[in-house]
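Structure first, commentary second.
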Amino acid sequence: MLEDNLEDLYENAPCGYVSTLLDGTIAKINDTLLAWLGYSRDELVGRRRFSDLLTGGGRIYHETHFAPMLAMQGEIGGVSLELRAKDGTRMPVLVTSIVKAGSEGQPQLIRTAIFDAKMRRAYERELVNARRAAEREDERLRQLVSKLQRSLLPAVLQTPPGLESAAYYRMASTDEVGGDFYDLFPLDDGRWGFFLGDVSGKGVEAAAVTALARYTLRAATVYNPDPAAALHNLNTVLWQEYREDARYCTVVFGILTPTPAVGGFTAVIASGGHPEPLLLRADGSAHYQRTKGRIVGAFPTSRYTNTSVVANPGDTLLLYSDGLTEARPANSETADGRYGTTALARFASHLAPTNAADAIAAVIDLLDTFGTGLTDDTAVMAISAPSSRR
C-alpha cells in the first residue's frame, strides 16, 4: 500500500486532529494543526484545553452549546468555529467531534477533526455579496420599470368640465413593463378624446409599441377627431412598423362631448378588438356597449365603425383591459376558471348608480381579492356625469 505509514498519515493529514480528555485538556494533536496555529506540541499537550484555542465567542459557544450537545449525543459535526493562532490571527474552521468510549461503554476521551474553512468562508462571503448585489440590481430594475411604466401613462388624468374621471393601473409584475395604456385629453373645440388599450407582450418592446400607439392616437385626433379614422390610422402605422414582429394592440377610442344643458355627455366610440365598455346607469342597471373591430396592427387593412353612447346625469362609463376579466380568482364560476364578462356585469350592476371615483375604488378592491390569480396588467378608467341630486 502507498499509505502504509499510519503515523505519517495522522500527523500530516489534510485536516487537523486533536484528542482531549473529557475536561477538554489536549492529550494529542497532529502536526497539521500545530502548523496552522504556530504552536509547538509541548506548549499545548497537557497544558491547554481545546476551548483555549478558540476565539472569545467560540469559547462561549463551545461551553454553552457544543460541549453539552456532544455529551448528550456522543458526536457532533460540521460546526463552524474560529481558532486563534499563536500570533493572534483568526482561522475559520469546521469542527467534528466524537466521544470515544471504553470497553464498558464509559466515555474516555474526545476525538476532534478540524477542517480549514478559509476558502469556504470566503466563498460564503462572495455568495452574500453576490446576493446583495443582485438584490440591489433587482431594486434598481424595479425602479426603472416603475419609472418607464409611469412615463407611458398621463401624470395627471384631466377631467372634462362638469364631469368626473378616475383611472387606475395595476402591474401584475414589478419586473416587467406592461402594455396597458389610457388617456383623457381636451381638443380645441371643447370635445375630449379618450382611449384605453392593451399592447401584446411585455417588456421594453411592448413599451415601445405603447408609446407609439399613444402618440399616434393623439396626433390622429388633432387632424381628424373621428374614432374610426384614428384606429384606421393607428392600424396602418403599427402594421408598417411591426408586421415582421407581430406587434399589435387592442384599444377602445372615443370622442366625448359634454352636454351641459342636460348635465351628461355623449361619446362616439370605436373599438379595435378591445373588451366592450360598460355603462353604469343612474337607474341601477349596467350594460355593455356593443362595439366591433379587429385588433389593431395585426392586418394590413381593417375596418372600424363608430358607436354612440349617451350618458345622462348619474351615469358612469367604465373602460377596462382584459387583465380584469381574464383573472383567475379562487371562487371563479366559469368553466375556464376566469373571472369573465358575466361576473363583471353583475359586479357593475351592484355598483350602479355610482361615480367615477367610487367605481375605480370598487374595482381596486375587486383586484385585491384576486391575489395570485391576477396574472396580467390591468388598466381601468371611468368617466361619469354627476347626478342632478349631487
Side-chain angles (χ1 to χ4, degrees), residues 1-140:
M1 294 178 59
L2 296 177
E3 290 286 9
D4 58 354
N5 189 333
L6 298 182
E7 182 178 357
D8 180 69
L9 180 62
Y10 172 83
E11 294 292 351
N12 300 298
C15 62
Y17 287 122
V18 60
S19 298
T20 67
L21 303 180
L22 297 181
D23 66 356
T25 301
I26 298 173
K28 189 174 184 180
I29 187 169
N30 72 342
D31 288 342
T32 300
L33 187 53
L34 290 171
W36 288 351
L37 299 176
Y39 287 104
S40 67
R41 186 169 276 103
D42 292 340
E43 290 178 294
L44 298 181
V45 174
R47 294 176 177 271
R48 306 284 289 275
R49 297 184 179 186
F50 174 68
S51 60
D52 296 335
L53 304 179
L54 300 173
T55 59
R59 283 195 298 273
I60 295 174
Y61 182 84
H62 184 272
E63 293 172 1
T64 59
H65 292 77
F66 190 97
M69 288 293 294
L70 180 60
M72 286 190 297
Q73 300 176 171
E75 62 179 287
I76 187 170
V79 176
S80 178
L81 295 171
E82 278 191 331
L83 298 180
R84 185 182 296 278
K86 186 177 180 179
D87 62 4
T89 58
R90 297 181 173 213
M91 178 180 181
V93 293
L94 293 176
V95 178
T96 297
S97 294
I98 62 171
V99 177
K100 182 181 181 301
S103 57
E104 298 181 1
Q106 74 280 12
Q108 291 184 328
L109 54 84
I110 299 170
R111 288 175 174 170
T112 299
I114 300 172
F115 298 88
D116 186 347
K118 288 194 296 291
M119 293 299 295
R120 173 176 174 146
R121 188 69 59 84
Y123 176 66
E124 290 173 346
R125 283 197 296 268
E126 290 177 1
L127 286 179
V128 170
N129 292 336
R131 183 178 65 186
R132 290 174 178 169
E135 290 172 350
R136 290 194 297 270
E137 185 63 23
D138 288 344
E139 178 60 25
R140 190 179 72 89

Quick check for you: to the nearest 0.5 Å, what is the distance between [X] atom [atom1] and [Y] atom [atom2]?
| X | Y | atom1 | atom2 | result |
| --- | --- | --- | --- | --- |
| Arg84 | Leu53 | CZ | CG | 11.0 Å |
| Leu109 | Asp23 | CG | CG | 11.5 Å |
| Tyr17 | Ile29 | OH | CD1 | 13.5 Å |
| Ile76 | Ile110 | CD1 | CD1 | 11.0 Å |
| Leu54 | Leu83 | CG | CG | 6.0 Å |
| Leu33 | Phe50 | CG | CZ | 8.0 Å |

Ignoring hydrogens and angles, tell me if any N or O in the side chain of [X] forms a donor-acceptor pair with the backbone of [Y] under 3.5 Å.
| X | Y | answer |
| --- | --- | --- |
| Thr96 | Gly78 | yes |
| Asp31 | Glu11 | no |
| Thr32 | Ala13 | yes |
| Arg48 | Ile26 | no |
| Arg47 | Asp42 | yes |

| Validation row: Leu44, Leu34 side chains within 4.5 angstrom (heavy atoms) | yes
| field | Any Thr20 side-chain heavy atom under 4.5 Å of Arg49 side chain | value | no
Step through the shown structure and confirm whether more than 12 heavy atoms of other residues, nucleotides or ligands are within 6.0 Å of [atom1] on [X].
| X | atom1 | value |
| --- | --- | --- |
| Arg111 | CZ | no |
| Glu7 | CD | no |
| Gln73 | CD | yes |

| request: Could you pull out the closest heavy-atom pair between Gln108 and Leu22, with the gap in Å? | output: O-CG, 3.8 Å
| field | Nearest non-hydrogen partners of Tyr10 and Lys28, listed with the distance | value | OH-CG, 3.5 Å
| task | Quick one: which residue pairs count as a ring pair (Phe, Tyr, Trp, His ring centres under 6.0 Å) with a foot in residues 64-110, not counting sequence neighbours? | result | Tyr61-His65, His62-Phe66
| field | Test side chain to side chain contact (heavy atoms under 4.5 Å, CB included) applied to Val93 and Asp116, step by step | value | CA-CA 5 Å; Val93 293; Asp116 186 347; 5.5 Å; no
